[in-house]
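Beneath this line is the structure, given in structure tokens, with notes to follow.
Residues: numbered from 1 along the sequence shown. None of these values were measured; they are calculated from a predicted model.
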Amino acid sequence: VQTCALPISLAYQASVPELMRQGVSNFFGNIGDAWSAVNKLLQGKVIQSAQMTLRVATNTVFGLAGMLDPATEFGLERQSEDFGQTLGVWGVPAGPYLVLPVFGASTVRDAAALPLDKAATSPGPLFNDSATTIGLTGLNLVNTRAELLGASRLLGDVALDPYAFLRDAYLARRRNLVWDGDPPDEPIDAAR
């Protein structure tokens with residue numbers, strides 16, 4: 001999958017206009033925002049959950065089913081949350097770092113949450129047609145990979161050890177996300 005995703009993503013980026021790619025990102029982002037609202041509620045962030053719910057409603061109604069993002073213009077910024085973060089807030093430790101085929105960087109906690117995250121953000125329940133669901137899932141995969149092309153180039157250019165760089169960056173980012181930007185100090189002998 002990794003080998004064929006890159007050329008398909010390059011062709012997608014070269015042939016699909018930026019405005020259309022942004023619309024695709026907004027559509028899938030709107031579905032993800034609904035799941036973020038649920039996760040914020042599960043974390044006890046009731047006001048933020050209500051804000052995300054209002055964001056989804058605004059983009060769905062006024063943004064052509066999420067293709068446009070008027071909610072951001074109205075001051076309702078995207079605050080993404082996933083079930084891995086929710087488990088972290090509930091006190092589940094991250095566990096060892098993993099690299100999952102197709103999905104990439106993860107931890108044991110985030111990998112355990114991934115099936116629920118993917119099921120909740122799948123466009124499948126919106127359609128009764130499996131061919132449409134498969135097509136939209138493929139489009140989401142290609143669009144996401146195309147969005148990461150710049151990061152892939154940067155990683156190859158700046159990192160002496162890309163694995164260690166990505167691992168450390170991923171773990172620091174996830175820790176920061178779980179603690180909403182204010183993580184406690186790590187013990188000095190923390191194992192990876």
| request: Check the surroundings of atom OH in Tyr163: do more than 12 heavy atoms from other residues, nucleotides or ligands lie under 6.0 Å from it? | output: yes

| request: Please check if the side chain of Asp117 supplies one atom and the backbone of Phe83 the other of a donor-acceptor pair under 3.5 Å. | output: yes

| said: When you compare the side chain of Ser25 with that of Asn143, does any pair of heavy atoms fall below 4.5 Å? | reply: yes

| task | Identify the heavy atoms of Ser9 and Val142 that sit nearest to each other, and give their distance. | result | OG-O, 3.5 Å

| remark: OG1 (Thr60) and CG (Asn30) are apart, to the nearest 0.5 Å, by 4.0 Å

| Just wondering, do Leu100 and Leu114 contact through their side chains at under 4.5 Å, heavy atoms? | yes

| request: Determine whether Val38 and Leu54 fall in the same hydrophobic cluster, where Ile, Leu, Val, Met, Phe, Trp and Tyr are linked whenever their side-chain heavy atoms lie under 4.5 Å apart. | output: no

| More than 12 heavy atoms of other groups within 6.0 Å of Trp90 CH2 | yes

| If every non-hydrogen atom of Pro93 is compared with every non-hydrogen atom of Arg109, which pair is closest and at what distance? | O-CB, 3.5 Å

| Closest approach of Ser106 to Ala111 (non-hydrogen atoms, all atoms of both residues) | OG-N, 3.2 Å

| remark: With sequence neighbours left out, the residues meeting side chain to side chain contact (heavy atoms under 4.5 Å, CB included) with Ala164 are Asp161, Arg167

| request: Taking Arg55 for its side chain and Gly75 for its backbone only, find out whether a donor-acceptor pair lies under 3.5 Å. | output: no

| Side chain to side chain, Leu139 and Phe27, heavy atoms closer than 4.5 Å | no

| field | Side chain proximity check, Leu148 to Arg145, heavy atoms < 4.5 angstrom | value | yes

| Step by step, would you call Met52 with Leu76 a side chain to side chain contact (heavy atoms under 4.5 Å, CB included)? | CA-CA 7 Å; Met52 287 302 291; Leu76 297 167; over 6 Å; no

| message | Within the 4.5 Å heavy-atom criterion, are Phe103 and Asp110 side-chain neighbours or not? | response | no

| query | Mind checking whether Trp35 and Leu41 sit in one hydrophobic cluster, side chains of I, L, V, M, F, W, Y counted as touching below 4.5 Å? | reply | no

| message | Taking Arg78 first and then Asp69, would you say they form a salt bridge - that is, a charged N and a carboxylate O separated by under 4.0 Å? | response | no

| message | Please give me the minimum heavy-atom distance between Thr121 and Ile31, naming the atom from each residue. | response | O-CG2, 3.4 Å

| note | Looking only at heavy atoms, the pair that brings Gln13 and Arg21 closest together is O-NH1, 2.9 Å

| query | Could you state the interatomic distance from CG (Asp33) to CD (Gln51), rounded to the nearest 0.5 Å? | reply | 12.5 Å

| message | For Val178 versus Val89, what's the shortest heavy-atom pair and its separation? | response | O-CG2, 3.6 Å

| request: May I ask whether Ile8 and Val16 are part of the same hydrophobic cluster, defined by side-chain heavy atoms of I, L, V, M, F, W, Y residues being less than 4.5 angstrom apart, directly or through others? | output: yes

| task | Nearest 0.5 Å please: distance from the OG atom of Ser36 over to the CD atom of Gln43. | result | 9.5 Å

| query | Any link between Leu166 and Leu171 through a network of hydrophobic side chains (Ile, Leu, Val, Met, Phe, Trp, Tyr) touching at under 4.5 Å? | reply | yes

| Set of residues satisfying side chain to side chain contact (heavy atoms under 4.5 Å, CB included) with respect to Asn140, sequence neighbours excluded | Phe28, Thr144

| Distance from Thr107 atom OG1 to Tyr170 atom OH, nearest 0.5 Å? | 5.0 Å

| request: Decide whether Leu68 and Leu136 are clustered together by the hydrophobic rule: side chain heavy atoms of Ile, Leu, Val, Met, Phe, Trp, Tyr closer than 4.5 Å, transitively. | output: yes

| request: Taking the side chain as every heavy atom from C-beta outward, state whether Pro70 and Asn59 have any pair of such atoms under 4.5 Å apart. | output: yes

| said: Taking the side chain as everything from C-beta on, heavy atoms only, tell me whether Glu81 gets closer than 4.5 Å to Lys45. | reply: yes

| request: Evaluate the side chain to side chain contact (heavy atoms under 4.5 Å, CB included) criterion for residues Asp82 and Arg174: first the C-alpha distance (whole Å), next the side-chain angles of each, then the deciding distance (0.1 Å), finally the verdict. | output: CA-CA 11 Å; Asp82 58 48; Arg174 290 301 292 178; 2.8 Å; yes

| query | Side-chain contact, heavy-atom cut-off 4.5 Å: Asn39 with Gln85? | reply | no

| task | Say whether Asn26 and Gln22, considering side chains only, have a donor N or O and an acceptor N or O under 3.5 Å apart. | result | yes

